[in-house]
Structures are given as C-alpha cells and as structure tokens.
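Excluded from the calculations below are hydrogen atoms, water molecules and symmetry mates; all remaining heavy atoms, backbone and side chain alike, are included. As the structure is a computational prediction, the values presented were derived from the model and not from experiment.
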Amino acid sequence: QPLMTKNSCSMSKEDIVFNLNQGLEAERRALEMSQRLLVLLDNPEEKEKISLIVADEEKHIEITKRLIEMTNQHYIENNK
C-alpha cells in the first residue's frame, strides 16, 4: 500500500474518525498487553519500565478520544 500523501489522504469526517478509532483500538490492545505482561514480571526494573509504558498507553487513549471529540465538534460547528 503506497504512503498517503496530501493529495491522496481523505479529509472526510468519516475517514478521519475511522482512522482515529483504528488507532484507539491499537492503543487499547497495547495497554491490555502491557498490563498482562506487568503481572508476569518479577524484576522490579522491568516492572517499572512496563508501568511507564502502561501510563503512556493510558495517555495515548485519552489523547485519541479527545481527537475524536474535536474532529466531531469541528464538523458539527462547520456544518460538514
């Protein structure tokens, strides 16, 4: 699949929200996998590193949710 360019990247609300939702699902999977790994670890250093990843994934989820809200709001305000 070719890389998206400005000329080929759809800017429709549906496509943007679809892509953001795909990203949100990927972030949720990464969070779930990191949380499952965390309980399996015994090494405190490894646990600390994975805990940081868990915190990052939680932030990514919140950011992506906010981007979805902002996109929907933009298209509502601009009657698109």
Side-chain angles (χ1 to χ4, degrees):
Q1 177 176 347
L3 294 174
M4 284 193 184
T5 65
K6 183 177 178 185
N7 294 333
S8 68
C9 182
S10 171
M11 293 304 290
S12 75
K13 174 189 168 200
E14 292 75 21
D15 287 344
I16 294 169
V17 172
F18 175 82
N19 289 333
L20 287 169
N21 276 314
Q22 293 292 106
L24 183 58
E25 288 306 311
E27 296 294 348
R28 288 179 173 150
R29 284 192 305 274
L31 174 61
E32 183 182 329
M33 286 188 288
S34 298
Q35 288 171 328
R36 280 192 269 150
L37 177 60
L38 191 59
V39 299
L40 300 174
L41 297 174
D42 295 322
N43 181 305
E45 268 184 41
E46 290 175 347
K47 282 180 105 61
E48 182 180 344
K49 288 177 185 175
I50 300 302
S51 292
L52 293 173
I53 293 171
V54 166
D56 281 349
E57 296 304 337
E58 290 170 339
K59 289 176 196 167
H60 297 163
I61 289 169
E62 292 309 311
I63 290 167
T64 306
K65 285 180 180 179
R66 182 69 183 122
L67 286 170
I68 292 168
E69 291 171 11
M70 291 169 60
T71 300
N72 284 322
Q73 190 60 40
H74 169 78
Y75 281 89
I76 289 169
E77 290 173 1
N78 292 285
N79 298 314
K80 293 183 179 180

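Hydrophobic clustering of Ile, Leu, Val, Met, Phe, Trp and Tyr side chains at less than 4.5 Å, counting indirect connections, unites Leu37 with Ile53. Connection of Ile63 to Ile16 is established within a shared hydrophobic cluster, with ILVMFWY side chains joined at heavy-atom distances below 4.5 Å, either directly or through further cluster members.
Residues that satisfy the salt bridge (Lys or Arg N to Asp or Glu O under 4.0 Å) test with Arg66, not counting sequence neighbours, are Glu69.
The pair Glu32-Arg36 counts as a salt bridge, with a side-chain nitrogen and a carboxylate oxygen less than 4.0 angstrom apart.
Within the 4.5 Å cutoff, side-chain heavy atoms of Gln35 are placed close to those of Glu58. Side chains of Val17 and Tyr75 form no contact here, defined as non-hydrogen atoms less than 4.5 Å apart.
With values rounded to the nearest 0.5 angstrom, Leu24 atom CG is found 5.0 Å from Ile68 atom CD1. Separation of atoms CG (Asn78) and NZ (Lys13) is listed at 12.0 Å; rounding is to 0.5 Å. Here His60 contributes atom NE2 and Leu67 contributes atom CG; the two are 11.5 Å apart, rounded to the nearest 0.5 Å.
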> So Glu62 and Lys59, salt bridge (charged side-chain N to carboxylate O under 4.0 Å, His left out) or not? Walk me through it.
Replying inline: CA-CA 5 Å; Glu62 292 309 311; Lys59 289 176 196 167; over 6 Å; no

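With hydrogens and angles ignored, the 3.5 Å screen pairs a side-chain donor or acceptor of Lys47 with a backbone N or O of Leu38.
Of all the heavy atoms in Leu20 and Thr71, the pair that sits closest is CD1-OG1, 3.7 Å. Ser34 and Ile50 get closest at one heavy-atom pair: O-CG2, 3.4 Å.
Counting heavy-atom neighbours within 6.0 Å of Glu48 CD, excluding the residue itself, gives a total of 12 or less.
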